[in-house]
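Structure first, then comments.
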Amino acid sequence: MSMRQKGNRQRIYCIANLIPYGKVATYGQIAKLAGCNPLFVGYALAALLDDSDTPWHRIVNRHGQVSIRNDGKPDANQRIALQQEGVCFNVHDRIDLTKHRWAGPTLDWLVEHGFDPINQEGDT
DNA sequence: TGCGTGACTGCCT
DNA sequence: CAGGCAGCCACGC
């Protein structure tokens with residue numbers, strides 16, 4: 001696996017790359033999958049370049065809103081990119097996570113890539 | 001070589 | 001019900 005990197009960032013990127021078109025994931029969701037704090041997810045994505053293959057624009061905060069950068073305002077381009085994928089924003093500039101939230105990778109994928117399935121909420 | 005920065009979330013008071 | 005605090009990886013200068 002190319003994910004043998006000890007850094008959680010590589011994991012975060014790998015998971016982020018799985019987010020399908022028209023779907024969004026939260027920092028906490030990615031964090032739990034990667035086995036690290038949500039804070040690191042933000043840190044990791046902040047280091048991504050605009051030309052990165054990682055669909056970082058599909059990752060929003062737990063309020064369903066576009067993340068706010070150190071500029072003091074959300075990246076309008078992120079919202080536009082999401083809207084182009086069919087993601088709708090509410091009156092409060094929020095995404096309906098109950099409709100657009102990514103269900104997450106399959107258990108097979110987790111095992112295939114050496115992730116810890118036990119860490120996931122496999123409750124019934 | 002060491003320190004500060006950097007896109008968040010959940011629990012406690 | 002709302003606000004504040006703690007968590008701890010990787011990169012640049």
What does Asn61(A) touch in the nucleic acid at a heavy-atom separation under 4.0 angstrom: a base, only the sugar-phosphate, or nothing? sugar-phosphate
Going only through I, L, V, M, F, W and Y residues with side-chain contacts under 4.5 Å, is there a path from Leu45(A) to Val66(A)? no
Of the candidates dA7(B), dC8(B), dC8(C), the side chain of Asn37(A) sits closest to dC8(C)
Proximity to the side chain of Thr26(A) - top-ranked nucleotide from dG6(B), dT9(B), dC8(B): dT9(B)
Take the protein atom CD1 of Ile95(A) and the nucleotide atom C1' of dA7(B), then report the distance between them rounded to whole Å. 14 Å
Can you tell me how far P of dA7(B) sits from CG of Leu82(A), to the nearest Å? 18 Å
Integer-rounded Å distance: dG6(B) C1' and Asn8(A) CG: 15 Å
Which atom names give the shortest non-hydrogen contact between Val60(A) and Gln65(A), and what distance separates them? CB-O, 3.3 Å
If only side-chain N and O atoms of Arg62(A) are considered, is one of them under 4.0 Å from the OP1 or OP2 phosphate oxygen of dG10(B)? yes
Which whole-number value in Å describes the distance from Arg9(A) CZ to dG12(C) C1'? 11 Å
Between Tyr13(A) and Trp56(A) (judged by ring centroids, cut-off 6.0 Å), do the two rings come close enough to count as a pair? no
For Phe40(A) and dA6(C), give me the distance from atom CZ to atom P, rounded to whole Å. 15 Å
Sugar-phosphate, base or nothing in reach of Ala46(A), heavy atoms under 4.0 Å: base
In terms of hydrophobic clusters joined by side-chain contacts under 4.5 Å, are Ile19(A) and Val24(A) together? no
Heavy atoms under 4.0 Å, any strand shown: does Ile68(A) hit a base, just sugar-phosphate, or nothing? sugar-phosphate
Whole angstroms only, please: what is the OH-C1' distance between Tyr43(A) and dA6(C)? 11 Å
Report the nucleotide, chosen from dC11(C), dA7(B), dC9(C), that has the shortest atom-to-atom distance to any side-chain atom of Trp56(A). dA7(B)
Between atom CG in Leu45(A) and atom C1' in dC11(C), what is the gap in whole Å? 15 Å
Leu48(A) CG to dG12(C) C1', straight-line distance once rounded to whole Å: 16 Å
Count the heavy atoms belonging to other residues, nucleotides or ligands that lie under 6.0 Å from CG of Asn90(A), then report whether that count exceeds 12. yes
